[in-house]
Enquirer: 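This is the structure I want to talk about, given as structure tokens.
Order of the sequence lines fixes the chain letters, A, B, ..., with proteins taken first and strands second; residue numbering starts at 1 for each chain. Remember, predicted model here, so these are calculated numbers, not experimental data. The analysis underlying the following values was restricted to heavy atoms, covering all of them including side chains, and did not include hydrogens, waters or symmetry mates.
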Amino acid sequence: MSPEERASIRSQRLAKLEAMRAAGTDPYPYRFDRDRTVGELRAEFDVLEAGSETEVSVRIAGRLMLKREQGRLTFGQLRDRTGEVQLFVSAGVLGKEAFAEFNTLDRGDWVGVEGLVMVTKKGELSVKVTSYELLSKALRPLPDKWKGLADVDARYRQRYVDLTVNDDARRVFEIRFAAVDSIRAELRERGYLEVETPFLHLQQGGATARPFTTHYNALDLTTYLRIALELPLKRLLVGGFERVFEIGRVFRNEGIDTRHNPEFTMLEAYEAFGDYNEMIELVESLVSGAALSATGATSIEVHGHVIELAAPWRRVTMVDLIKEVIGVDIHPGMDLAEARAVLDGLGLSWKDSWGSGRCTHEVYDELVESKVIQPTVVLDHPRETSPLAKPHRDNPHLVERFEVIVDGRELANAYSELNDPVEQLLRFQEGAAQKAAGDLEAGDVDLDYIRALEYGMPPAGGLGIGIDRLIMLLAGVESIREVILFPTLRPESGLSEDDFRPA
RNA sequence: GCCUCUGUGGCCAAGCGGUAAGGCAGCGGACUUUUAAUCCGACGAGCGUGGGUUCGAAUCCCACCGGAGGCACCA
């Protein structure tokens with residue numbers, strides 16, 4: 001054994017395991033019956049005064065986060081999912097032998113303890129340990145107790161360690177789960193049914209994006225991982241479900257950066273008999289409700305300015321917003337040459353295949369969206385860029401669609417849903433032609449969906465919210481990887497079975 | 001895919017051409033009320049990997065592998 005190996009923390013701890021086993025103790029026992037959580041303990045005994053001793057015996061369990069040995073007295077810090085409490089471990093109480101044994105526990109070990117509730121002279125609620133049990137040995141040491149784990153690569157790859165030692169990481173995910181819970185609860189309250197639809201799709205559709213493909217052996221078929229939830233959910237409107245939603249992973253085979261992870265979470269909700277006007281009120285309510293329940297407030301401070309998420313949000317049409325923000329007139333109904341001239345004048349490039357609508361959208365996307373900070377409902381998009389939305393009732397160049405922009409980014413997207421099968425088929429065919437011409441993001445003709453529409457889909461409003469982006473906003477983080485538990489990373493190198501030898 | 005930055009013991013981190021600081025954790029010792037406990041002592045890496053330049057490289061160059069940011073594309 002080399003000096004390095006002899007000194008390695010892991011070998012020392014493996015040796016402790018062997019010693020325990022030799023003494024007839026299982027270092028990985030099957031269970032521990034606790035009678036309360038740390039949070040419950042705190043709630044129950046917070047009234048005690050400094051110096052109190054009680055005869056109340058409790059059983060708690062958690063991870064040992066800190067150990068302070070002090071001669072014949074040892075203090076520990078035990079954490080479970082609800083919080084931390086101090087362990088007061090005295091040689092006088094435990095007996096010399098058990099006390100010495102307790103001191104062989106390592107920071108990071110999972111332990112169960114039984115003890116009497118007390119408060120130290122300094123006022124720290126503690127459990128005076130009368131017996132304890134190792135529940136699971138940690139062979140690897142926890143990172144620095146001051147700095148935690150700072151290396152972002154390690155934080156993402158070993159999220160279990162990140163969550164153990166970095167309070168900020170835990171906080172972000174608490175916000176995430178609270179926000180999603182809030183959204184789910186509100187939709188259910190509104191009579192929406194939560195459903196699950198297939199991840200494996202036979203056609204590419206519901207959004208314009210490059211899909212992942214996979215092969216299904218039993219059917220000898222190429223299938224796509226879904227890029228959107230839209231088309232199955234709208235089939236359910238045809239089936240009479242009237243109000244449905246799904247919160248689920250979608251997959252897009254595109255770049256990875258601070259705003260994009262190849263798998264991410266979408267909420268889509270559809271409501272029969274309404275149109276996009278209902279969706280405005282719905283998204284305002286879902287987002288401000290999620291903010292309130294996840295962070296305790298509807299206003300959020302993001303790099304220097306305060307964003308107010310409470311309803312109502314500003315409503316403005318895309319054409320008016322472009323005019324307002326950059327002082328330029330462009331609209332989907334204008335002459336194509338004129339629209340191109342506008343783009344040229346702004347230094348934006350255009351493609352031959354684009355109509356005035358696509359040109360209008362380009363200006364909005366490139367120059368306007370990023371400048372909008374407060375929640376803004378941007379209404380009435382070009383027909384050309386929205387193949388699943390219903391034509392605008394007052395303007396043939398537009399569709400009834402809005403996006404919500406917050407802090408310069410798109411947070412939600414909604415339409416009055418297109419339910420005319422003849423029109424929908426035409427839109428699909430346009431997409432399929434683009435796909436045939438090499439556009440990897442364009443969709444297929446989904447004939448079954450058209451057939452569904454031919455049976456009749458009620459008029460409906462639909463809404464999509466990018467959950468990850470919402471959480472980024474609520475948690476105030478700049479990278480999508482911070483809000484996804486296990487973000488997509490390249491394979492790790494350098495991990496070898498040699499590092500896991502049992503001795 | 002391209003550009004820039006980056007990779008030092010389990011963790012944090014200095015060093016930026018002259019032969020690897022320091023802190024935390026761990027190990028040994030002292031200490032029955034500590035709170036990032038404290039004090040004393042001993043130990044642990046040749047600097048992502050592989051080449052190259054040089055009398056000499058963690059420091060410079062090249063390639064490769066991770067990571068971050070930006071560009072392009074998109075939610």
Side-chain angles (χ1 to χ4, degrees), chain A residues 2-13 15-16 50-51 65-77 84-94 99 104 106-108 118-126 128 138-158 161 164-166 206-210 227-228 250-268 349 365 369 403-404 409-413 439-441 464-470 472 478-481 487 489-495 499:
Chain A
S2 72
E4 184 195 340
E5 282 170 325
R6 201 177 316 117
S8 104
I9 292 170
R10 188 165 173 276
S11 341
Q12 288 166 9
R13 296 197 181 178
K16 286 184 185 176
M65 296 305 293
L66 231 40
K67 201 176 69 170
R68 296 184 286 275
E69 290 184 35
Q70 187 154 20
R72 293 169 55 73
L73 191 60
T74 294
F75 295 94
Q77 204 67 31
E84 286 190 15
V85 71
Q86 177 167 273
L87 302 179
F88 181 99
V89 190
S90 152
V93 173
L94 266 188
F99 178 74
T104 67
D106 292 296
R107 181 167 171 261
M118 60 168 284
V119 179
T120 62
K121 293 172 190 166
K122 297 273 178 65
E124 184 77 30
L125 181 67
S126 306
K128 187 193 284 179
L139 295 181
R140 293 177 187 255
L142 253 26
D144 192 291
K145 65 184 174 189
W146 297 19
K147 304 281 185 60
L149 188 64
D151 178 355
V152 288
D153 185 19
R155 288 188 47 235
Y156 297 155
R157 281 188 205 284
Q158 298 175 250
V161 179
T164 300
V165 299
N166 291 335
T208 51
R210 195 168 169 183
I227 56 173
V250 298
F251 306 83
R252 298 191 183 177
N253 204 343
E254 287 158 357
I256 298 179
D257 61 34
T258 38
R259 315 255 139 70
H260 303 268
N261 196 66
E263 48 180 307
F264 63 102
T265 302
M266 287 276 300
L267 158 73
E268 291 195 24
S349 56
D365 231 29
E369 197 176 83
E403 287 183 354
V404 174
R409 301 170 196 163
E410 181 188 339
L411 185 68
N413 184 18
D439 184 348
L440 295 169
E441 294 177 2
I465 297 179
I467 295 294
D468 310 278
R469 300 258 173 106
L470 172 63
M472 288 168 67
E478 289 299 313
S479 171
I480 196 169
R481 294 182 194 88
L489 298 170
R490 284 203 163 81
E492 184 176 1
S493 63
L495 213 51
D499 301 328

Enquirer: For rA13(B), does the base pair up with any side-chain atom of Asp151(A) as donor and acceptor (N or O, under 3.5 Å, distance only)?
Expert: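 Side chain to base: no pair present.
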Enquirer: In whole angstroms, how far is the P atom of rA37(B) from the CZ atom of Arg68(A)?
Expert: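 Interatomic distance, CZ of Arg68(A) to P of rA37(B): 5 Å.
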Enquirer: Taking atom C1' of rG70(B) as reference, at what distance in whole Å does atom CD of Glu478(A) sit?
Expert: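 Roughly 14 Å, once rounded to whole Å.
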Enquirer: Which one, rC31(B), rU35(B), rG67(B), comes nearest to the side chain of Gln70(A)?
Expert: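 Given the options rC31(B), rU35(B), rG67(B), the side chain of Gln70(A) is closest to rC31(B).
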Enquirer: Whether Arg157(A) contacts rG67(B) is assessed here as follows: a side-chain N or O lying under 4.0 Å from the phosphate OP1 or OP2. Is that the case?
Expert: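 Checking rG67(B) against Arg157(A), a side-chain N or O does come within under 4.0 Å of OP1 or OP2.
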Enquirer: Considering non-hydrogen atoms only, spot the tightest contact between Pro487(A) and Arg481(A) and give its length.
Expert: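 Looking at all heavy atoms of both residues, the closest pair is CB-CG, 3.7 Å.
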Enquirer: Using the side-chain heavy atoms of Asp153(A), tell me which of these nucleotides is nearest: rG26(B), rU35(B), rG67(B).
Expert: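 So the nucleotide nearest the side chain must be rG67(B).
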Enquirer: I need the CD1-C1' distance between Ile256(A) and rG69(B), as an integer number of Å.
Expert: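 Atom CD1 in Ile256(A) sits about 15 Å away from atom C1' in rG69(B).
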Enquirer: Is there a donor N/O on one and an acceptor N/O on the other, under 3.5 Å, for the side chain of Gln86(A) and the base of rU34(B)?
Expert: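 Check passes, donor-acceptor contact within cut-off.
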Enquirer: Heavy atoms from C-beta onward define the side chain here; which of rC27(B), rC73(B), rG10(B) lies closest to that of Asp257(A)?
Expert: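 Nearest nucleotide to the side chain: rC73(B).
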Enquirer: Please determine whether any donor N or O and acceptor N or O are separated by less than 3.5 Å between the side chain of Asp106(A) and the base of rG26(B).
Expert: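 In this structure, the two groups form no donor-acceptor pair.
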Enquirer: What does Lys128(A) touch in the nucleic acid at a heavy-atom separation under 4.0 angstrom: a base, only the sugar-phosphate, or nothing?
Expert: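 Contact class for Lys128(A): none.
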Enquirer: On a plain distance test, is the side chain of Thr74(A) in donor-acceptor contact with the base of rU32(B) below 3.5 Å?
Expert: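 For Thr74(A), whose side chain was compared with the base of rU32(B), there is no donor-acceptor pair (under 3.5 Å).
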Enquirer: So Leu489(A), base contact, sugar-phosphate only, or nothing? Heavy-atom distance under 4.0 Å.
Expert: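 Sugar-phosphate contact only - Leu489(A) comes under 4.0 Å of backbone atoms but never of a base.
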Enquirer: Using the six-membered base ring of rA37(B), report whether Phe75(A) stacks on it, requiring centroids under 5.5 Å and planes under 30° apart.
Expert: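 Not stacked: fails the 5.5 Å / 30° test.
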Enquirer: Counting only side-chain N and O atoms of Arg481(A), is one of them less than 4.0 Å from OP1 or OP2 of rG69(B)?
Expert: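 For rG69(B), OP1/OP2 do have a side-chain N/O of Arg481(A) under 4.0 Å.
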Enquirer: State whether Glu254(A) and Arg259(A) are salt-bridged, where the test is any N-O pair (Lys NZ or Arg NE/NH1/NH2 against Asp/Glu carboxylate O) under 4.0 Å.
Expert: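 Looking at Glu254(A) and Arg259(A), the cut-off is not met.
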Enquirer: Is a donor on one side and an acceptor on the other found under 3.5 Å between the side chain of Lys16(A) and the backbone of Thr104(A)?
Expert: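 Flag set: sc Lys16(A) to bb Thr104(A) pair under 3.5 Å.
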Enquirer: Under 4.0 Å between any heavy atoms, over every strand shown, what does Lys121(A) touch: base, sugar-phosphate, or nothing? Just pick one.
Expert: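 Lys121(A): base contact, heavy atoms under 4.0 Å.
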Enquirer: Return no unless some side-chain N or O of Arg10(A) is found under 4.0 Å from OP1 or OP2 of rG10(B).
Expert: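 Result: no.
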Enquirer: Taking only the side-chain heavy atoms of Glu441(A) (C-beta and beyond), determine which of rA68(B), rC73(B), rA37(B) contains the nearest atom.
Expert: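 Of the options given, the side chain of Glu441(A) lies nearest rC73(B).
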